[in-house]
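Quick caveat: nothing in here was measured; it's all calculated off a predicted structure.
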Amino acid sequence: MGRLVKKTVSVPVGVNGSVRLAVVADTHSQPHPAMGARLAELAPDAILHAGDIGDLTVLDELARFAPVYAVRGNIDTHARDLPDVLMLAIAAPAPLRILLTHSAVYGPKLRAAVARMAKAEGAVLVVCGHSHVPFIGIDRGLTVFNPGSVGPRRFTLPVVLGTIDVTPAGFKLAHVDAATGQTWLPP
């Protein structure tokens with residue numbers, strides 16, 4: 001699985017009592033030209049990058065909008081300071097433990113080692129990248145979220161990013177079309 005880093009994140013609660021996380025993955029050094037506009041519109045409290053960053057200046061670009069928490073992907077061999085797995089604890093408005101890693105699924109199923117680690121760490125949400133396929137599902141009692149890729153288009157897959165809205169009632173996951181800013185739903 002790789003090196004696990006645990007981090008408790010104290011994200012300021014917004015006026016409406018919620019926290020918004022933007023989630024990106026698979027930028028491959030070339031984030032969509034409208035990514036900055038989308039992040040400005042979303043006004044996230046923090047940004048998660050689920051790996052395959054490419055040129056690390058991408059993280060600097062993201063940091064213009066909010067604090068960034070990132071993991072290394074399979075193309076990020078040069079990013080020795082980034083962990084392979086990051087355990088995030090969002091303290092407010094409702095406690096949420098997120099396991100962030102690049103490669104967590106095989107098809108729609110969580111890899112056994114990832115599920116074991118997430119459960120051992122008390123995570124309820126696994127956020128990953130790698131496949132470029134936007135996905136929201138439940139496996140082995142854990143919610144799985146792949147924001148899709150906001151980098152170069154792969155095959156006919158959409159170019160999207162994700163959001164995690166944390167409220168006192170729980171969390172809500174969504175995908176956003178990188179070009180239009182509209183909510184993206186599978187066909």
Side-chain angles (χ1 to χ4, degrees), residues 5-27 31-32 34-51 53 58-71 83 85-102 104-105 110 114 117-119 121-129 133-150 158-186:
V5 173
K6 298 178 188 179
K7 188 170 286 219
T8 299
V9 180
S10 295
V11 178
V13 177
V15 193
N16 62 359
S18 67
V19 168
R20 170 164 278 176
L21 306 174
V23 188
V24 300
D26 299 289
T27 49
H32 189 278
M35 181 184 72
R38 296 295 82 82
L39 290 171
E41 292 165 2
L42 291 169
D45 299 297
I47 300 170
L48 310 183
H49 196 307
I53 299 156
V58 169
L59 298 179
D60 296 331
E61 185 180 337
L62 294 172
R64 293 185 6 231
F65 300 95
V68 177
Y69 303 94
V71 294
V85 183
L86 186 58
M87 186 67 218
L88 298 163
I90 308 296
L96 174 63
R97 295 182 63 78
I98 301 170
L99 186 123
L100 176 66
T101 190
H102 183 60
V105 296
L110 270 175
V114 174
M117 182 183 286
K119 287 182 177 183
E121 294 297 329
V124 296
L125 174 60
V126 175
V127 175
C128 60
V133 178
F135 178 77
I136 299 172
I138 297 176
D139 187 37
R140 302 175 194 239
L142 297 161
T143 301
V144 182
F145 185 44
N146 186 325
S149 171
V150 74
V159 179
V160 293
L161 60 148
T163 58
I164 304 171
D165 288 313
V166 185
T167 69
F171 63 92
K172 179 182 172 194
L173 308 172
H175 292 100
V176 177
D177 184 291
T180 67
Q182 299 299 308
T183 299
W184 180 88
L185 296 170

V23: side chain to side chain contact (heavy atoms under 4.5 Å, CB included) partners, not counting sequence neighbours: L48, V127, F145, P147, I164

CA sep, side-chain torsions, deciding dist, call: T143, V124, side chain to side chain contact (heavy atoms under 4.5 Å, CB included): CA-CA 6 Å; T143 301; V124 296; 6.0 Å; no

Set of side chain to side chain contact (heavy atoms under 4.5 Å, CB included) partners for A178, sequence neighbours left out: H32, V150, V159, L161

Counterpart residues, salt bridge (charged side-chain N to carboxylate O under 4.0 Å, His left out), relative to E41 (two or more places apart): R38

Side chain to side chain donor-acceptor pair (under 3.5 Å) partners for H102, two or more places apart: D52, N74, H130

Listed partners of A174 passing side chain to side chain contact (heavy atoms under 4.5 Å, CB included), at least two apart: T163

side-chain contact (heavy atoms from CB on, under 4.5 Å) partner of L21, chosen from D165, I98, I47: I98

Results of salt bridge (charged side-chain N to carboxylate O under 4.0 Å, His left out) for D177 - residues two or more places apart only: none

Charged N-O contact under 4.0 Å between D45 and R20: no

Contacts of D139 that satisfy side chain to side chain donor-acceptor pair (under 3.5 Å) - sequence neighbours left out: none

Under the side chain to side chain contact (heavy atoms under 4.5 Å, CB included) test, residues paired with A104 that sit two or more places apart: T101, L110, V114, V126, C128

Side-chain heavy atoms of L99 within contact of V85, under 4.5 Å: yes

